[in-house]
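Notes to accompany the following structure.
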Amino acid sequence: MSELFTRFSPNTLNFTEATLVDATPTVSANLAGAVQLDTTISAATLAALGSLQLAGEPSEPLTEPVFNKAPTTGKGMLSHVEVIRDSFINVQRDFLDLRAKANSRQNQAKSLIDRICDFLDDFMKPEELRRLGVIDDDNQAPAFRLLVAPDLHNADGFLLRPKLDLALVRPGDDGPNGTKHNDESALFSAGKVVADDIRKIEALRGALTTLRRRHQQALEDLRSRLAALEADVPGEIRQLDVRERARVESLDDYAVAQRLLAEHWREIEAAYAERRRVIESHRGLFYVKVRETPLGRTLPDPLDLRPSSPDDLVPGCANRDTALPAALAPFMEAVFDIPAGDWANLRPLGHLLPGRAILAGLIDTRRQRLALRLNRAVSADTPVLTSLVQQNHALVREVAARPFNATALGELQRQGGAILALDDLLAIPAPLLRDPARALHQRLDAAAGCLLARLRSIAPSIRLNWAAAAEADRIAVETPERWPGIADAEERDFNGVRTLVELVAWWFRQLDTDASGVARTAMRNLVRACLLLAASDDPQQLIQGRLKTIPGRFRIGEALRLTLNREAAPGTLLQLFDDSQRVIATLRVDDHDDQGTVASVASILDPEVERNPATVLNTALQISGLNRG
């Protein structure tokens with residue numbers, strides 16, 4: 001086109017610019033329509049244009065093409081991949097980043113792979129494998145390592161730490177056959193290196209997964225064992241309680257044996273003293289003629305003991321006030337619940353009961369009390385008394401079921417006398433019946449305390465036999481003169497045994513001859529309970545402890561701090577034992593506070609303790625006693 005305008009320019013006078021409207025390769029005959037001239041073209045120019053032969057196609061495009069035609073390379077389906085080098089660069093960058101993360105320390109002493117290998121080294125040792133239950137012998141450890149991760153261990157079972165060190169081939173590097181790698185072969189070679197790294201990482205992952213499963217299995221086994229142990233704990237605790245009770249009972253038997261031994265030694269000492277007195281107090285030796293003279297022991301007074309003063313409520317127990325232990329309270333309650341019609345002094349006074357309205361109110365109140373008592377749980381402070389408490393509970397149920405629905409007033413009073421107890425009679429307005437009930441109430445309380453005190457004064461060996469017979473219900477409670485060993489008890493303390501026999505006889509004489517079985521059973525159970533409590537102490541009442549503070553001086557009346565297993569009643573005497581289980585002093589309980597038990601020295605049996613308390617006393621010394629409260 002430049003040539004065209006060059007040829008036109010010498011013969012053109014007024015030509016300024018030519019603009020082509022259509023850029024088609026074919027020039028039509030009507031060239032005037034294709035070329036627009038801004039100025040007038042001369043005739044000579046038109047003649048030259050007519051003689052000009054234009055080419056059918058332009059030698060170069062008029063504008064820059066948008067798409068280029070792909071050259072023929074002959075490489076099959078990969079011809080559509082435009083730039084493989086970019087993909088290779090991306091793979092190389094990501095691959096190097098992954099290796100950097102695996103081999104970097106990241107504020108740690110070792111890299112991630114090194115820490116994983118150290119973990120496997122630690123937990124695949126023979127002792128760890130034995131703990132997990134994987135192997136039974138150390139020689140089996142290499143075999144297990146090869147089984148879990150063969151790519152990580154050699155033939156001897158030693159760990160081979162994987163290293164991500166295969167070089168990444170780049171385009172232009174020498175290949176295995178001496179040929180240069182191009183983009184495609186370098187990309188495939190990079191895939192092989194990535195697959196090798198993945199295989200090594202998967203080997204680590206497989207070993208970790210196997211160990212995790214082993215740990216999970218061990219954890220499940222431990223949880224199963226823990227659940228089994230938790231299920232066995234209540235039974236073992238109960239077994240421990242049984243053994244604890246057996247241990248405490250053994251300690252109580254040991255205390256009884258100590259008392260029996262002390263009693264035996266006192267008898268031996270008395271006999272030795274008498275023998276020594278006879279041997280050393282003689283004045284001379286005389287020979288006399290033997291005379292036959294009948295000798296015999298003076299017979300005891302066969303008459304019953306009689307009160308010596310009006311204040312003597314119970315024969316032999318004048319003005320005696322003995323505190324009853326808490327274990328005897330349910331039995332005294334059962335005695336006080338005996339119906340008024342069963343008492344010998346109150347049965348003839350049944351006609352003094354109030355009229356229908358007041359009597360019905362008393363009966364309703366009484367039945368409410370009995371219902372509350374029946375709903376209360378049956379329990380005893382001492383296990384040996386449990387059966388007797390259950391019998392008294394059955395007696396209450398029998399009294400509560402008695403009828404009260406008569407039409408005649410006399411019959412109604414008789415039925416009321418078979419239900420109402422001493423406590424109910426104390427609330428009636430008639431003094432002629434209230435005062436005898438109050439006096440009987442006081443006499444029964446005093447008689448129970450005196451009976452328990454008399455039983456405790458009997459020799460321990462005899463009391464032990466009585467307790468065994470009372471527990472088995474093989475003792476004639478109403479006739480104490482038939483109790484086993486009563487003759488031996490009379491030889492030791494004749495007046496005390498006569499008072500005991502009279503107390504038991506007086507106790508049962510308070511009942512009417514036509515008294516019901518409920519009343520007699522309640523009276524018998526009280527006497528049996530007194531025999532059991534007096535002869536054998538409750539193991540639960542056994543007090544044990546140690547010294548909490550060591551005093552600077554050890555004298556009678558000196559205050560001490562103790563640590564006891566349970567609170568003891570004030571006034572309880574405790575024994576202090578040394579390291580050889582020898583009693584060196586007795587202590588009296590004074591009070592209890594937040595810091596322990598306050599006691600005072602009652603007596604000193606070892607003078608060395610008083611002279612040098614620091615050398616004898618220590619906080620490991622045992623304290624033992626019996627709570628009588």
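All of these numbers come straight from a predicted model, not from anything done at the bench. Just so you know, residue 1 is the first one in the sequence shown, and it goes up from there.
With rounding to the nearest 0.5 Å, the separation of CG in L226 from CG in L219 is 10.0 Å. Once rounded to the nearest 0.5 Å, the distance linking CD1 of I486 with CD1 of I462 reads 8.0 Å. Taking CG of L420 as the reference point, atom CD1 of I428 lies at 8.5 Å (rounded to 0.5 Å). Separation of atoms CG (L362) and CG (L353) is listed at 8.5 Å; rounding is to 0.5 Å. For the atom pair OG1 (T563) and CG (L547), the distance works out to 8.5 Å, reported to the nearest 0.5 Å. Going from atom CD of Q390 over to atom NE2 of H393 covers 9.0 Å, rounded to the nearest 0.5 Å.
Checking side-chain atoms of D252 against main-chain N and O of V248 turns up no donor-acceptor pair under 3.5 Å. For the pair H441 (side chain) and D423 (backbone), a donor-acceptor distance under 3.5 Å is absent. A distance-only check finds a donor-acceptor pair linking the side chain of T521 to the backbone of G517 [under 3.5 Å]. Although no hydrogens or angles enter the test, the distance criterion places a donor-acceptor pair under 3.5 Å between the side chain of R463 and the main chain of A534.
With respect to R524 and D473, a salt bridge is recorded, a charged nitrogen being found less than 4.0 Å from a carboxylate O. Ionic pairing of R369 and D424 is present here: one or more N-O contacts between side-chain nitrogen and carboxylate oxygen are shorter than 4.0 angstrom. We find that R243 and E249 are not joined by a salt bridge, their nearest charged nitrogen and carboxylate oxygen being 4.0 Å or further apart. At a threshold of 4.0 Å, the pair R223-E220 counts as salt-bridged, since one of the basic side-chain nitrogens sits closer than that to a carboxylate oxygen. Under a 4.0 Å N-O distance rule, the pair E269/R266 does not qualify as a salt bridge. Using a 4.0 Å cut-off between a side-chain N of Lys or Arg and a carboxylate O of Asp or Glu, E230 and R225 do not qualify as a salt bridge. Salt bridge status for E244 with R247: present, with a side-chain N to carboxylate O gap under 4.0 Å.
Residues K548 and T597 form no side-chain contact, since every pair of their non-hydrogen atoms from C-beta on lies 4.5 Å or further apart. Contact annotation: the side chain of N612 never approaches that of F554 to less than 4.5 Å [non-hydrogen atoms, C-beta and beyond]. Residues F331 and R528 fail the side-chain proximity criterion, which asks for heavy atoms closer than 4.5 Å. V601 is not listed as a side-chain neighbour of T586, based on a closest heavy-atom distance of 4.5 Å or more. R367 is listed as a side-chain neighbour of I419, based on a closest heavy-atom distance under 4.5 Å. Under the 4.5 Å side-chain criterion, counting only non-hydrogen atoms from C-beta, I623 is in contact with L562. Contact check for R456 versus C530: no side-chain heavy atoms found under the 4.5 Å cut-off. R520 has its side chain within reach of L511: a pair of non-hydrogen atoms, C-beta onward, lies under 4.5 Å apart.
Between L503 and C450, the closest heavy-atom pair is CD1-SG, 3.5 Å. Nearest approach of S624 to F577, heavy atoms of both residues: CB-CE1, 3.6 Å. In this structure, L605 and P607 approach most closely via the heavy-atom pair O-CD, 3.8 Å. Considering all non-hydrogen atoms of both residues, A418 and V399 come closest at O-CG1, 4.4 Å. In terms of heavy atoms, L388 sits closest to A529 at CD1-N, 4.0 Å. Contact record, E263 with S461: OE1-N, 4.0 Å, taken as the closest heavy-atom pair.
Applying the salt bridge (Lys or Arg N to Asp or Glu O under 4.0 Å) test to residues at least two apart or on different chains, the pairs with a partner in residues 588-600 are R561-D593. Sorted by first and then second residue, the side-chain hydrogen bond (donor to acceptor under 3.5 Å, both in side chains) pairs with a member in residues 479-489 form an empty list; sequence neighbours excluded.
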Exercise. Which is it for V477 and M523 under the side-chain contact (heavy atoms from CB on, under 4.5 Å) test, yes or no, and what are the steps along the way?
Worked result: CA-CA 9 Å; V477 180; M523 299 290 276; over 6 Å; no

For this session: Test side-chain contact (heavy atoms from CB on, under 4.5 Å) on W506 and L451 and set out the steps.
Result: CA-CA 11 Å; W506 178 91; L451 176 62; over 6 Å; no

Problem set entry | Intermediate values then yes/no, side-chain contact (heavy atoms from CB on, under 4.5 Å), R275 and V278 | CA-CA 5 Å; R275 174 179 175 276; V278 172; 5.8 Å; no

For this session: Go through the steps to decide whether R582 and D606 satisfy the test salt bridge (charged side-chain N to carboxylate O under 4.0 Å, His left out), and finish with yes or no.
Result: CA-CA 9 Å; R582 185 172 57 92; D606 188 359; 3.1 Å; yes

Exercise. Hey, mind stepping through V583 and L576 against side-chain contact (heavy atoms from CB on, under 4.5 Å) and telling me if it holds?
Worked result: CA-CA 6 Å; V583 180; L576 178 63; over 6 Å; no

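Side-chain polar atoms of D364 and Q368 form no donor-acceptor pair below 3.5 angstrom.
Considering L425, L444, L349 in turn, L444 is the only one that fulfils the side-chain contact (heavy atoms from CB on, under 4.5 Å) rule with W343. The side-chain contact (heavy atoms from CB on, under 4.5 Å) test with L385 singles out one residue from N525, L533, L328, N392, and that residue is L533.
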